[in-house]
Engineer: 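Structure provided below as structure tokens; questions to follow.
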Amino acid sequence: MTQQQRNELAELLYPKATLTIQDVEKMFPKRTLPEGAKVTRMAPSPTGFVHFGNLFPALTSERLAHQSGGVMMLRIEDTDAKRAVDGAVEIIINSLKHYNIIFDEGATLGDDVGNYGPYYQSRRADIYQAFAKELIRKGQAYPCFCTEEDLEKIHSEQEAKKDNFGYYGKYAKHRDMSFEDIKKELDAGKPFALRFRSEGNLNNKIPFDDVVKGHLEVTENDIDHVLLKSDGIPTYHFAHAIDDHFMGTTHVIRGDEWLSTLPLHLQLFDALGFERLKYMHISPLMKIDGESKRKLSKRKDPEAALTFYTEMGYPVLAVIDYVMMLLNSNYEEWRIQNPAAPYTDFEFKAENMSVSGSLFDIVKLNDVSKNIVSTMTAEQVYDYVCEWSEQYDKDFYKLLISDKDYAVRIFNIGRGGEKPRKDLAVWSEAKAYMGFFYDDLYKITSSLPENISKEDAVTILESYKNIYTPGKTQEDWFGDITKLATDNGFAAKPKEYKKNPEMYKGHVGDVSMILRIAVSGRQNSPDMYEIMEILGKERVIQRIDNALKTL
RNA sequence: GGCCCGUUGGUCAAGCGGUUAAGACACCGCCCUUUCACGGCGGUAUCAGGAGUUCGAUUCUCCUACGGGUCACCA
């Protein structure tokens, strides 16, 4: 084909695309940012599902951009109309916002924000086509008239011959069509896709330095990938090259499933005359499934959905901390030294990122969460539990807001000080933890331990009713219980009992247990003294009476 | 199958030629303790295998095994 014909072909193929590359260059001036500022982006397709794994590149992008005085963009990759879901963009923005990931630029629920838009790829067709035409003129792209069936046939032929899959070499039948033949197909109204004319060779390796993975050696790409689909909309690869170039992205942060198409992307940047960008490929989050590991799956694993964490009531900061720990190996150490510092104080470094994929460990998440919750004030915990229950447990919510002071006092048990209680990991556990404080939820669910007779229990409860006086110091309060123990043949200290078990019915702990079961309805509870102080005399007596009837 | 990446205790991992191979979670034991939780102390447990380079390999090279990813007009 002559240069003349190629020029003509470009017009023939995309007659409506009048934008030139000079126009595009004028549309997107270079960014002026401080030295070292990173420009990152999140580029989801609008499928309406935000995966837990999406948090990894998202948080990485956010931290790197914002801690360097850079910019983080949201670009919607809606080039595949089949996959688009209504309301998906809203879900993406809101879910990420929930995890403190806020975009400086890009798609919003209203108008785009920023000077490098549109940030919806479906609205950038003319931009892509300007470059497509340029590639056609340079002989680096050509139309392919294969139908879906044609491509399937090629695929099965390759399967049979055990050849590599793809549109390349002898399988690329439209690669060298003459101008006249192309014209004939076009005149016949045949749809076409625009393919990249790859000069790559499988025998050549491309050395490449990934910011996370380090030095890699990838094989050149020899497949003539589709650049523009038959509807004139680009594939991801072509859009990625053009958008990230003109939007001024400095670091492309994405999952490492993209590593295999990296050679194509590099090729495209070269062909378009763009300077190559820095890439950070992040390993996927894995999950153990029987004997083997696999990617955390949207279909099989409920914890893959971001909504799972909201429903369970994981504190946002706990989830962020857990992700940060997996992302940067020294984050956990930093957190131990700075238990209450905001995570944004931590210096996030690409070189501390893990090269291989890690297993999702919900037990660890729970531990992280307990630590986070233990640093909160009672008031904060109250607010979070209210926020959660308003949505997921309305009855409990009503109880909580009916008397805020009461609830805050409950959450305050064991809180603050050097060694705070670490009991709550998720808000959904709150009800089981402290529900018994509310008469509606109080119920004796535990029977007496075997070593305590019913008679003793009755005697002790009856006597305690007469003794109990609120407002004492904890010391005096416990003195009463100790006396009750010794008066009834129980040892004052567990150690005395252990020394001479035959001399006693039990020890003071057993006496406490009787009261605990009566007052809280169960064998485990936070500090009894504080519980009684919060419940107040009337409720305590009521419950003892109830226990007397029930036991 | 081709191509690419990876492999330190059950999990997350530090390590970047010479270490008693950190730390955290989990587990077990002891201590503290009126229950639970917390906390303290201690313990079990790891360099996938094989060659090579080296005075010396967890660290470097190669091979094997295993695991993962990917091979669309999806992103």
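Chain naming here is simple, since letters A, B, ... match the order of the sequence lines and numbering starts at 1 in each. Heavy-atom basis, side chains included; hydrogens, waters and symmetry copies ignored.
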Engineer: Students often get this wrong, so: under 4.0 angstrom with heavy atoms, is A/Gln474 touching a base, only sugar-phosphate, or nothing?
Structural biologist: base
Engineer: Any donor-acceptor pair, under 3.5 Å, between the side chain of A/Arg83 and the base of B/rC74, if you only look at N and O atoms?
Structural biologist: yes
Engineer: Is A/Phe478 stacked on the base of B/rU34, meaning ring centres closer than 5.5 Å and planes within 30 degrees of each other?
Structural biologist: yes
Engineer: What is the distance from NE2 of A/His155 to C1' of B/rG2, rounded to the nearest Å?
Structural biologist: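 The distance from NE2 of A/His155 to C1' of B/rG2 comes to 12 Å, rounded to the nearest Å.
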Engineer: Which listed nucleotide (B/rA75, B/rA24, B/rU7) is nearest to the side chain of A/Glu77?
Structural biologist: B/rA75
Engineer: With respect to the side chain of A/Pro494, which nucleotide from B/rA24, B/rA75, B/rU34 is positioned closest?
Structural biologist: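 Output: B/rU34.
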Engineer: Which of these nucleotides, B/rC12, B/rC74, B/rA24, is closest to any side-chain atom of A/Lys229?
Structural biologist: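 In terms of side-chain proximity for A/Lys229, the closest of B/rC12, B/rC74, B/rA24 is B/rC74.
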Engineer: P atom, B/rG49 versus B/rG43: distance in rounded Å?
Structural biologist: 25 Å
Engineer: Taking atom types as modelled and ignoring hydrogens, do the side chains of A/Arg83 and A/Ser45 form a donor-acceptor contact shorter than 3.5 angstrom?
Structural biologist: yes
Engineer: Can you tell me which nucleotide in B/rC74, B/rA26, B/rU34 comes closest to the side chain of A/Val363?
Structural biologist: B/rA26
Engineer: Measure the distance from CG on A/Leu359 to P on B/rG9 and round it to the nearest whole Å.
Structural biologist: 12 Å
Engineer: Does A/Lys295 make a side-chain N or O approach to OP1 or OP2 of B/rU70 shorter than 4.0 Å?
Structural biologist: yes
Engineer: Can you tell me if the side-chain N/O atoms of A/Lys422 get under 4.0 Å from OP1 or OP2 in B/rG39?
Structural biologist: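 So the side-chain polar atoms of A/Lys422 do come within 4.0 Å of the phosphate oxygens OP1 or OP2 of B/rG39, strictly under.
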Engineer: Select one nucleotide: of B/rU34, B/rC73, B/rU11, the one nearest the side-chain heavy atoms of A/Asp361.
Structural biologist: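 For A/Asp361, the side-chain atoms sit closest to B/rU11.
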Engineer: Just to confirm, is there a sub-4.0 Å distance from OP1 or OP2 of B/rC36 to any side-chain nitrogen or oxygen of A/Arg522?
Structural biologist: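 Answer no for this pair, as no side-chain N or O of A/Arg522 is under 4.0 Å from OP1 or OP2.
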Engineer: Between A/Lys364 and A/Tyr322, is NZ or CZ placed under 6.0 angstrom from the six-membered ring centre and within 45° of the ring axis?
Structural biologist: no
Engineer: Judged by each residue's nearest nucleotide on RNA chain B, which is more toward the 5′ side, A/His225 or A/Leu216?
Structural biologist: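 First, find each residue's nearest nucleotide; the 5'-ward one identifies A/Leu216.
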Engineer: Could you check A/His237 against A/Gly509 and say which one's nearest nucleotide on RNA chain B is further toward the 5' end?
Structural biologist: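 Counting from the 5' end, the first nearest nucleotide belongs to A/Gly509.
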Engineer: Mind checking if A/Ser329 touches a base, just sugar-phosphate, or nothing, with heavy atoms under 4.0 Å?
Structural biologist: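 Since only primed, P, OP1 and OP2 atoms lie under 4.0 Å of A/Ser329, the category is sugar-phosphate.
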Engineer: Does B/rC4 have OP1 or OP2 sitting under 4.0 Å from an N or O in the side chain of A/Thr219?
Structural biologist: yes
Engineer: Around atom NZ of A/Lys278, are there more than 12 heavy atoms of other residues, nucleotides or ligands at under 6.0 Å?
Structural biologist: no
Engineer: Any side-chain N or O of A/Lys495 under 4.0 Å from OP1/OP2 of B/rC32?
Structural biologist: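 Indeed, a polar side-chain atom of A/Lys495 lies that close.
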Engineer: Rounded off to whole Å, could you give me the CD1-to-C1' distance for the A/Ile531 and B/rU35 pair?
Structural biologist: 10 Å
Engineer: Do the side-chain N or O atoms of A/Ser354 get closer than 4.0 angstrom to the phosphate oxygens (OP1, OP2) of B/rA13?
Structural biologist: yes
Engineer: Could you tell me how far apart A/Ile206 (CD1) and B/rC5 (P) are, to the nearest whole angstrom?
Structural biologist: 12 Å
Engineer: Around atom CD of A/Glu475, are there more than 12 heavy atoms from other residues, nucleotides or ligands closer than 6.0 Å?
Structural biologist: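 Check fails, neighbour count at 12 or below.
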Engineer: Let's test your reading of the model: under 3.5 Å, does the base of B/rU70 pair with the side chain of A/Ser260 as donor and acceptor?
Structural biologist: no
Engineer: Could you check whether the side chain of A/Arg516 and the base of B/rC36 have a donor-acceptor pair of N or O atoms closer than 3.5 Å, going by distance alone?
Structural biologist: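 For A/Arg516, whose side chain was compared with the base of B/rC36, there is no donor-acceptor pair (under 3.5 Å).
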Engineer: Looking only at side-chain N and O atoms, does A/Lys205 come under 4.0 Å of OP1 or OP2 in B/rC4?
Structural biologist: yes
Engineer: Let's see if you can work this out: which of B/rC12, B/rA24, B/rC74 has an atom nearest to the side-chain heavy atoms of A/Thr235?
Structural biologist: B/rC74
Engineer: Taking the six-membered ring of A/Tyr120, is the NZ or CZ of A/Arg75 close enough (under 6.0 Å from the centre) and on axis enough (within 45°)?
Structural biologist: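 No, A/Arg75 does not sit over the ring of A/Tyr120.
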Engineer: Is any side-chain N or O of A/Lys287 closer than 4.0 Å to OP1 or OP2 of B/rU11?
Structural biologist: no
Engineer: For A/Lys370, which contact category applies under a 4.0 Å heavy-atom criterion: base, sugar-phosphate, or nothing?
Structural biologist: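 Result for A/Lys370 = nothing.
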